[in-house]
Amino acid sequence: MAEQEQSHSELLALRRVKLEQLYENGVNPYPFFFDVTATSEKLKNSTGLIAQTPDTAERVSLAGRVMTRRIMGKAAFFNLQDSHGTIQVYIRRDDVGVENYNSVFKKMVDLGDIVGVRGFVFKTQTGELTVHAEHFELLSKALRPIPIAKETEENGIKVVHDAFSDKELRYRMRYVDLIVNPEVRETFRKRSMMVQEMRSFMLKAGYLEVETPILQPVYGGASAKPFVTHHNTLDMKLYLRVANELYLKRLIIGGYDGVFEFSKDFRNEGMSRFHNPEFTQVELYVAYKDYNWMMDFVERMLEQVAISLHGSTRVPVGEHIIDFKRPWPRIPMLEAIKNETGLDLSGMNLEQMQQAARGLGIQIDATMGKGKIIDEIFGEHVEHKLIQPTFITDYPIEMSPLAKKHRSKEDLVERFEAICNGKEIANAFSELNDPVDQRQRFEEQVRLREQGDEEAMALDEDFLRALEYGMPPTAGLGIGIDRLAMIMTNQESIRDVLFFPHMRPE
RNA sequence: GAAGGGGUAGCUCAGUCGGUAGAGCAGCGGCCUUUUAAGCCGUAGGUCGUGGGUUCGAGCCCCACCCCCUUCACCA
């Protein structure tokens, strides 16, 4: 059926014809190898290569995609795009052979084809660095046309005409998006650098990168609805992980000082510009540390990430410049609420708190405890105002069944979130390592589940058994990689930092 | 899940009061040996998201559905 559809399009049909003609002329449109010795970037950075005379010039060979073409009869210019950028190539009939120039380059090569050239570097009359091709070779014939954008400079500002901008097409065919939109390639390169920077930061600190199960018989570590699957041979239900927390803590119990994992997690919930059904988190657990220590660690790591990506701690994000320079403010949650709303919730009983929340226009129902109300007020009136990196500390115990009770504050746990650009980017706590307390917290979750809370955690007997063998005091951290990438690359939608965001089938 | 916006040529977009589909780029045929949104001459290209309806006649009006985007709700 797809074949039939194609035959209706002249553009596609024509390329098939060209393919046949290439075979008939003895030209292999899909050869096996090309000896690449240079990249567009390398040539642009080494002006010493520019030839005084062609005879003595160094020969370079490079390969890439034909992006634009200006044919002037027996000579032509085209732009060759490799993974580093674009460079202009000058090609003449008398240099590459009449047959090659006329029958292959001019007649059979289309925009989007991948070609290889060998030649020397020179500057044109208008001063553009250009490769003068002495050898030209088709390396891969494209059977579909690429959407070509053209650029002009008006008053020194680059203007792109007819850019491939349809979001649906860009997400569904990211390969095309990457070919024609260089800034997309740059965004994902930055994302990769960001992850590498975090990885090496943790490795240098002496922590072990590990892998833990994605398919889990009991899911846990976060409040979320899971994806469910089925193992045929064992005939059992399995869940795709919503977090890897409980497995990493088992490894701390096993004796490692620090473990981390960049983890694809899966949550069966709504989609939005901040949510994709599968997303990436890094989680880190470090023995003998607490959440105060972890705040230092997060500050240092993310400051380092900002510097390595932007050469500065200052990162442009939308209308703002976000400065990751440490130290970041550390504000207890109740204090942050007080600062923003003037309300001091600390001494209030449930009834007073309900009243206060209603006064702020927050919908309250009977099932909400004090912790939930505090969380609502914070989410509604404080979080979105925190643009610069800020640690919010000491969360209500109800929302944090895996965090250790605060050493001095009642009803709170030793937990912090790092908020940035109005959104959580990190979540961490002094990990609960008291197995008796942990069992009670799980049992509370089970009660919530029985009351219909679909996101309440399941009781994990094996995890409790592990805790009973003794877990050192431990600091734990989770950082949403996609959310952080959005900030570090100045993108408004999670889809723009995921190569293949989830889409309904075409 | 709800509301709003959108879907017209390969790409980016026009399309008036309902009167039988348009441009630029890409393509195709020519000319052109330092061009650069190359240029000049010529030419072809459409299931107007899908399916119904109203009408003499629908890209346009009505109904249903599909897909994308944004906002809201849950969440990282």
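Chain letters run A, B, ... following the sequence lines, proteins first, then strands; residues in each count from 1.
Side-chain proximity of A:Met503 to B:G10, B:C68, B:C11: nearest is B:C68. When the nucleotides B:C69, B:C67, B:A26 are ranked by their closest atom to the side chain of A:Leu11, B:A26 comes out on top. Distance from the side chain of A:Ser165 is smallest to B:U12 among B:U12, B:U34, B:U70. If you check B:G45, B:C68, B:A76 against the side chain of A:Glu168, the one that comes closest is B:C68. Of the candidates B:C67, B:C32, B:C11, the closest approach to any side-chain atom of A:Arg172 belongs to B:C67. Side-chain atoms of A:Lys74 lie closest to B:C32 of the nucleotides B:C11, B:C32, B:A37. The listed nucleotides are B:C69, B:U12, B:U35; the one nearest the side chain of A:Phe77 is B:U35. Side chain of A:Glu128, nearest nucleotide from B:C32, B:U35, B:U34: B:U35. Nearest to the side-chain atoms of A:Phe122 among the listed nucleotides B:U12, B:U34, B:C68 stands B:U34. Comparing B:G27, B:U35, B:A76 against the side chain of A:Asp110 picks out B:G27 as the nearest.
The shortest distance between the side-chain N/O atoms of A:Arg70 and the OP1/OP2 oxygens of B:A38 is below 4.0 Å. The side chain of A:Lys18 contributes an N or O atom lying less than 4.0 Å from OP1 or OP2 of B:C28. At least one side-chain nitrogen or oxygen of A:Arg504 sits closer than 4.0 Å to the OP1 or OP2 atom of B:C67. At the phosphate of B:C69, neither OP1 nor OP2 sits under 4.0 Å from any side-chain N or O atom of A:Arg170. Side-chain N/O atoms of A:Lys106 include none lying less than 4.0 angstrom from OP1 or OP2 on B:C32. A:Gln88 has no side-chain polar atom (N or O) that falls below the 4.0 Å cut-off from OP1 or OP2 of B:U35. Taking side-chain N and O atoms only, A:Lys150 has a distance below 4.0 Å to OP1 or OP2 of B:A38. A sub-4.0 Å separation between OP1 or OP2 of B:A38 and a side-chain N or O of A:Arg69 is absent. Residue A:Arg273 places none of its side-chain N or O atoms closer than 4.0 Å to OP1 or OP2 of B:C69.
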Both distances under 3.5 Å, Watson-Crick or G-U wobble: on that basis, could you give the dot-bracket string for RNA chain B, with [ ] for crossing pairs and | for other-strand partners? (((((((..((((.....[..)))).(((((.......))))).....(((((..]....))))))))))))....
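Between A:Arg16 and A:Glu20 there is no salt bridge, since none of the side-chain N atoms of the basic residue sits less than 4.0 Å from a carboxylate O of the acidic one. With respect to the salt-bridge test (charged N to carboxylate O, under 4.0 angstrom), the residues A:Glu209 and A:Arg199 qualify.
Taking the six-membered ring for Trp and the full ring otherwise, the centers of A:Phe136 and A:Tyr101 sit at least 6.0 Å from each other.
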Step by step, work out the side-chain hydrogen bond (donor to acceptor under 3.5 Å, both in side chains) result for A:Asn427 and A:Arg415. CA-CA 7 Å; A:Asn427 178 23; A:Arg415 171 180 178 179; 3.0 Å; yes
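To the nearest angstrom, P of B:C13 lies 11 Å from CZ of A:Phe164. In this structure, A:Ile487 places its CD1 atom 15 Å from P of B:A76, rounding to the nearest Å. As rounded to whole Å, 9 Å separates atom C1' of B:A37 from atom CG of A:Asp162. Straight-line distance from the CZ atom of A:Arg15 to the P atom of B:A26: 13 Å, rounded to whole Å. For A:Met271 and B:C69, the CE to C1' distance is 12 Å, given to the nearest whole Å. Protein atom CG of A:Leu143 is 16 Å distant from nucleotide atom P of B:G27, rounded to whole Å. Separating the OH atom of A:Tyr90 from the C1' atom of B:A38 is a distance of 14 Å, rounded to the nearest angstrom.
Going from the P atom of B:G39 to that of B:U47 covers 29 Å, rounded to whole Å. If you take atom C1' in B:G22 and the same atom in B:U33, they sit 37 Å apart, rounded to whole Å. If you take atom P in B:G24 and the same atom in B:C41, they sit 12 Å apart, rounded to whole Å. Taking atom C1' in both B:U50 and B:A58, one finds a spacing of 16 Å when rounded to whole Å. Taking atom P on both nucleotides, B:C25 is separated from B:G49 by 25 Å, rounded to a whole Å. Rounded to whole Å, the C1' atom of B:C11 lies 14 Å from the corresponding atom of B:A37. Straight-line distance between the C1' atoms of B:C13 and B:G52: roughly 29 Å, to the nearest whole Å. Only the C1' atoms considered, B:G5 is 26 Å distant from B:G10, to the nearest whole Å.
Judged by distance alone, with hydrogens and angles left aside, the side-chain atoms of A:Glu424 form no donor-acceptor pair with the main-chain N or O of A:Glu417 at under 3.5 Å. The backbone N or O of A:Ala142 lies less than 3.5 Å from no partner atom in the side chain of A:Asp110, so there is not a single donor-acceptor pair. Of the possible donor and acceptor atoms, one in the side chain of A:Arg65 sits under 3.5 Å from a partner among the backbone N and O of A:Gly112.
As judged by a 4.0 angstrom heavy-atom cut-off over every strand, A:Ala222 is placed among residues making no nucleic acid contact. At the heavy-atom level, A:Thr68 lies nowhere under 4.0 Å from the strands shown. Nucleic acid contact class of A:Phe279 (heavy atoms, under 4.0 Å, all strands): base. Across all strands, A:Leu14 comes closer than 4.0 Å only to sugar-phosphate atoms, never to a base (heavy-atom distances). As judged by a 4.0 angstrom heavy-atom cut-off over every strand, A:Gln281 is placed among residues making no nucleic acid contact. Heavy atoms of A:Asn79 sit nowhere under 4.0 angstrom from any nucleic acid atom. Among the heavy atoms of the strands, none lies under 4.0 Å from A:Lys158.
Both A:Gly73 and A:Leu169 lie close to RNA chain B; mapped to their nearest nucleotides by heavy-atom distance, the more 5′-ward contact belongs to A:Leu169. Place A:Asp482 and A:Glu492 on RNA chain B by their nearest nucleotides, and A:Glu492 ends up nearer the 5' end.
For the atom pair CD of A:Glu261 and CD of A:Gln281, the computed distance is 10.5 Å after rounding to the nearest 0.5 Å.
Nearest heavy-atom pair across A:Ala63 and A:Asp82 is O-CB, 3.4 Å.
A salt bridge (Lys or Arg N to Asp or Glu O under 4.0 Å) with A:Asp177 holds for exactly one of A:Lys167, A:Arg170, A:Arg172; it is A:Arg170.
Scanning for salt bridge (charged side-chain N to carboxylate O under 4.0 Å, His left out) contacts around A:Arg330 gives A:Asp296, A:Glu299, with sequence neighbours left out.
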